[in-house]
Amino acid sequence: MKVTAFQQLVYEACKRIPKGQVTTYKLLAQAIGCGSAQAVGQALRCNPFAPEVPCHRVIGSDLRIGGFFGERSGAQITRKLTLLASEGVHFTDNVLAEQSALFRF
DNA sequence: ACCGTGACGGCGA
DNA sequence: TTCGCCGCCACGG
């Protein structure tokens, strides 16, 4: 399993997100000095360290759920929602319910 | 080295 | 407000 330096940065950043909070792809990208949120998503899409790296705590800038393991909807998304719910972060219609749960590094 | 793709974002229509 | 187009950056073929 090949892991690029860039991906390491992304995963490191993810681990900094406190439990019970979430951040956005854009914020995460900025945190590691990358100008593309999409690039971050690309790194997470193949996340080799599933729950070890809390990639489920990363959502879109519009506070929408985003995706999970390459799926914009479906069982995986449900799984992501479930994980977040178990951490105290709740969503309504795939949108973050409590903005106060947004972590800003 | 070139090209197409994507868990994204912002703006204009 | 929703939809589409373009810009973004890293990756795989």
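No hydrogens, no waters, no symmetry mates; every other heavy atom, side chains included, goes into these values. In what follows, chains are A, B, ... by sequence order, proteins preceding strands, each numbered from 1. Remember, it's a predicted structure, so these values are computed and weren't measured experimentally.
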When the distance from [atom1] of [X] to [atom2] of [N] is rounded to whole Å, what number comes out?
X: A:K26; N: C:dC9; atom1: NZ; atom2: P; result: 11 Å
X: A:I65; N: B:dC8; atom1: CD1; atom2: P; result: 11 Å
X: A:L63; N: B:dA7; atom1: CG; atom2: C1'; result: 15 Å
X: A:L83; N: B:dA7; atom1: CG; atom2: C1'; result: 14 Å
X: A:L96; N: B:dA7; atom1: CG; atom2: P; result: 21 Å
X: A:Q38; N: B:dA7; atom1: CD; atom2: C1'; result: 10 Å
X: A:R64; N: B:dG10; atom1: CZ; atom2: P; result: 15 Å
X: A:N47; N: C:dA10; atom1: CG; atom2: C1'; result: 16 Å

Counting side-chain heavy atoms from CB outward, which of [options] is closest to [X]?
X: A:Y25; options: C:dC11, B:dG9, C:dC8; answer: B:dG9
X: A:L44; options: C:dG7, B:dA7, B:dT5; answer: B:dA7
X: A:R72; options: B:dG6, B:dG9, B:dC8; answer: B:dC8
X: A:C55; options: B:dA7, B:dG10, C:dC11; answer: B:dA7
X: A:K80; options: B:dG10, B:dA7, B:dG6; answer: B:dA7

Using a 4.0 Å heavy-atom cut-off across all strands, classify [X] as base, sugar-phosphate, or nothing.
X: A:F6; value: sugar-phosphate
X: A:C46; value: nothing
X: A:A37; value: sugar-phosphate

Should A:V89 and A:Q21 count as side-chain neighbours, where that means a heavy-atom distance under 4.5 Å?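 No, too far: nothing below the 4.5 Å cut-off.
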Could you tell me whether the side chain of A:F6 reaches within less than 4.5 Å of the side chain of A:I32, counting heavy atoms only?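 Yes, their side chains come closer than 4.5 Å.
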Measuring from [X]:[atom1] to [Y]:[atom2], what's the distance to the nearest 0.5 Å?
X: A:F91; Y: A:E98; atom1: CZ; atom2: CD; answer: 11.0 Å
X: A:L81; Y: A:Q76; atom1: CG; atom2: CD; answer: 12.0 Å
X: A:L44; Y: A:Y11; atom1: CG; atom2: OH; answer: 6.5 Å

For C:dC8, which nucleotide in any strand shown is its Watson-Crick or wobble partner with both distances under 3.5 Å?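 Per the H-bond distance test, none.
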Respond yes when some side-chain nitrogen or oxygen of [X] is under 4.0 Å from OP1 or OP2 of [N], and no when none is.
X: A:S61; N: B:dG9; result: yes
X: A:T24; N: B:dC8; result: no
X: A:K2; N: C:dG12; result: yes

Starting at the 5' end of DNA chain B, which residue's closest nucleotide do you reach first, A:Q42 or A:I59? A:Q42
